[in-house]
Amino acid sequence: MPLAAVGVTLVAGSLVRYALEGRERRVLRKAFGHYLAPQVIESLVRDPSQLRLGGERCELTIFFSDLQGFTSFSERLQPEQLVHVLIRYLSEMTQSITMSGGTLDKYIGDAIMAFWGAPDDDEDQCWRACRAALANQRELARLRSTWSGTGRPELSARIGMHAGDAIVGNFGSEYRLDYTAMGDTVNLASRLEGLNKVYGTRIIMSDTVHAEVSDRVVTRLLDKVAAKGRTGGTTIYELVGLPADVPASALERIARYEAALRLYFERDFEGAVAGFQEVLARFPADGPAAVLCARSSTYLDHPPPAEWDGVYAHETK
């Protein structure tokens, strides 16, 4: 079957009329391997009837990443240079995601959306997502070292992860399909990625992800938040690293910060300010400590209402 015919068949949604065997299977994998995640292609090859509009509810771990300062450095680069940087960056990041069993959903400019748990079930999806996030940060550090002094930008990415129910499947129209995930779980993961800008962190996970991986990674309890556009609160954590890779100084910083945060949640804002100031005296560049110290100081003068449950409502994405 000619490649064009395969493409038309896919778009028309009538692949179900074929039994994909031999050459057709090879053509499908090769032709669409650059457009669809490998897991999705294999799933379609096994069962072409899946190529239909609509989705199903699944337990997914959603991953969003975005480059810090992309608009700024894109203005300084020639279009050809920008394309080269993005190709290298997206290639490195995507490799970490796919090697950990993740499904690449889409690129949105410099942003990446991926998920674990579909099209194939994955009982260890949160752990795999965390491994991919940490691998992404390691690859970025390597790129920064490789590109140092070459005039290329020092890339830094923010990552957000959340696990929960979502609808995953083929969405769009009879003319064009997009295999993707939708729902509140997806929206919250995106919001968590954006909260890294507020706290000066690189990887933020929700409590649902943390519950699955807390015994295998080092995390820091960051805050209880209601992300913009949401009413319910979510406990969020910073993913710091694998236990073998986290130095003693980072463990000290986490312990000091979480001790001050406990005072904050107990409404002892004077004690919280003192605790966060101690963190900043020892670790001046700690973003979360600076944020919570300033907020605790505000609450000293303007206490939250009596029914306050520790949740802070963010007004920015």
Side-chain angles (χ1 to χ4, degrees), residues 65-66 68-69 130-131 133-142 144-145 148 154-161 192-207 209-211 213-225 227 233-304 308-314 316:
S65 73
D66 200 11
Q68 179 178 327
C130 289
R131 287 177 58 189
L134 292 172
N136 275 190
Q137 296 295 353
R138 287 195 301 271
E139 288 303 314
L140 274 173
R142 185 179 62 79
R144 286 193 294 269
S145 177
S148 178
E154 291 195 2
L155 302 183
S156 180
R158 297 179 291 254
I159 297 172
M161 294 182 292
L192 296 186
E193 178 275 311
L195 285 181
N196 284 288
K197 291 183 284 187
V198 174
Y199 295 94
T201 50
R202 291 185 174 175
I203 308 174
I204 290 180
M205 63 168 67
S206 68
D207 48 2
V209 177
H210 179 265
V213 301
S214 60
D215 60 336
R216 289 185 277 185
V217 296
V218 176
T219 61
R220 166 167 46 170
L221 173 60
L222 277 182
D223 205 353
K224 296 178 183 178
V225 304
T234 302
T235 302
I236 59 173
Y237 296 80
E238 177 187 12
L239 175 56
V240 179
L242 299 177
D245 300 332
V246 178
S249 59
L251 297 176
E252 177 193 351
R253 176 168 51 88
I254 293 168
R256 288 176 178 266
Y257 176 89
E258 291 185 342
L261 191 64
R262 284 194 293 272
L263 297 176
Y264 167 84
F265 288 140
E266 293 167 2
R267 300 180 68 100
D268 180 1
F269 300 120
E270 184 175 0
V273 168
F276 291 126
Q277 286 177 340
E278 288 180 3
V279 175
L280 292 169
R282 179 76 172 84
F283 307 96
D286 191 75
V291 170
L292 269 294
C293 187
R295 194 190 303 164
S296 298
S297 296
T298 299
Y299 283 162
L300 273 175
D301 298 326
H302 306 282
W308 180 71
D309 58 1
V311 175
Y312 183 81
H314 282 278
T316 59

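Computed over heavy atoms, backbone and side chain alike; hydrogens, waters and symmetry mates excluded. A quick note: this is a predicted structure, and the numbers were derived from the prediction, not measured.
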Trainee: Tell me, which pairs form a side-chain hydrogen bond (donor to acceptor under 3.5 Å, both in side chains) where one or both residues lie in residues 276-291, sequence neighbours left out?
Mentor: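 Pairs touching residues 276-291 that pass the test: R220-D286, E252-R282, R253-D286.
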Trainee: For S65, what residues pass the side chain to side chain donor-acceptor pair (under 3.5 Å) criterion, not counting sequence neighbours?
Mentor: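 Side chain to side chain donor-acceptor pair (under 3.5 Å) check on S65 returns nothing, list empty.
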Trainee: Applying side chain to side chain contact (heavy atoms under 4.5 Å, CB included), can you list everything that pairs with A227, at least two apart in sequence or on another chain?
Mentor: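 Result, side chain to side chain contact (heavy atoms under 4.5 Å, CB included) vs A227: L188, R191, R230.
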Trainee: Applying salt bridge (Lys or Arg N to Asp or Glu O under 4.0 Å), can you list everything that pairs with R142, at least two apart in sequence or on another chain?
Mentor: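 Testing R142 for salt bridge (Lys or Arg N to Asp or Glu O under 4.0 Å), a comparison that skips the adjacent residues, returns E92, E139.
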Trainee: Check ring-ring contact (aromatic ring centres under 6.0 Å, His included) between F269 and all other residues, then give those that pass, not counting sequence neighbours.
Mentor: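 Once residues adjacent in sequence are excluded, the partners of F269 under the ring-ring contact (aromatic ring centres under 6.0 Å, His included) criterion are Y264, Y299, W308.
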Trainee: Applying ring-ring contact (aromatic ring centres under 6.0 Å, His included), can you list everything that pairs with Y257, at least two apart in sequence or on another chain?
Mentor: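 Scan of Y257 (ring-ring contact (aromatic ring centres under 6.0 Å, His included), adjacent residues dropped) gives F276.
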Trainee: Residues in salt bridge (Lys or Arg N to Asp or Glu O under 4.0 Å) with R202, at least two apart?
Mentor: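 So R202 forms no salt bridge (Lys or Arg N to Asp or Glu O under 4.0 Å) with any residue.
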Trainee: For R216, what residues pass the side chain to side chain donor-acceptor pair (under 3.5 Å) criterion, not counting sequence neighbours?
Mentor: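 Testing R216 for side chain to side chain donor-acceptor pair (under 3.5 Å), a comparison that skips the adjacent residues, returns D124.
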Trainee: Can you list the residues that meet the side chain to side chain donor-acceptor pair (under 3.5 Å) rule with T235, with sequence neighbours excluded?
Mentor: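 Partners of T235 under the side chain to side chain donor-acceptor pair (under 3.5 Å) test: none.
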Trainee: Under the side chain to side chain contact (heavy atoms under 4.5 Å, CB included) rule, collect the residues that match up with A290, sequence neighbours excluded.
Mentor: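 Partners of A290 by the side chain to side chain contact (heavy atoms under 4.5 Å, CB included) criterion, ordered by chain and then number, come out as L280.
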Trainee: Among all residues two or more places apart in sequence or in another chain, which pass the ring-ring contact (aromatic ring centres under 6.0 Å, His included) test with F265?
Mentor: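 Counting only residues at least two positions away or on another chain, F265 forms no ring-ring contact (aromatic ring centres under 6.0 Å, His included).
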Trainee: Kindly write out the residues that satisfy side chain to side chain donor-acceptor pair (under 3.5 Å) with T201, not counting sequence neighbours, or none if the list is empty.
Mentor: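 Applying side chain to side chain donor-acceptor pair (under 3.5 Å) to T201 gives N196.
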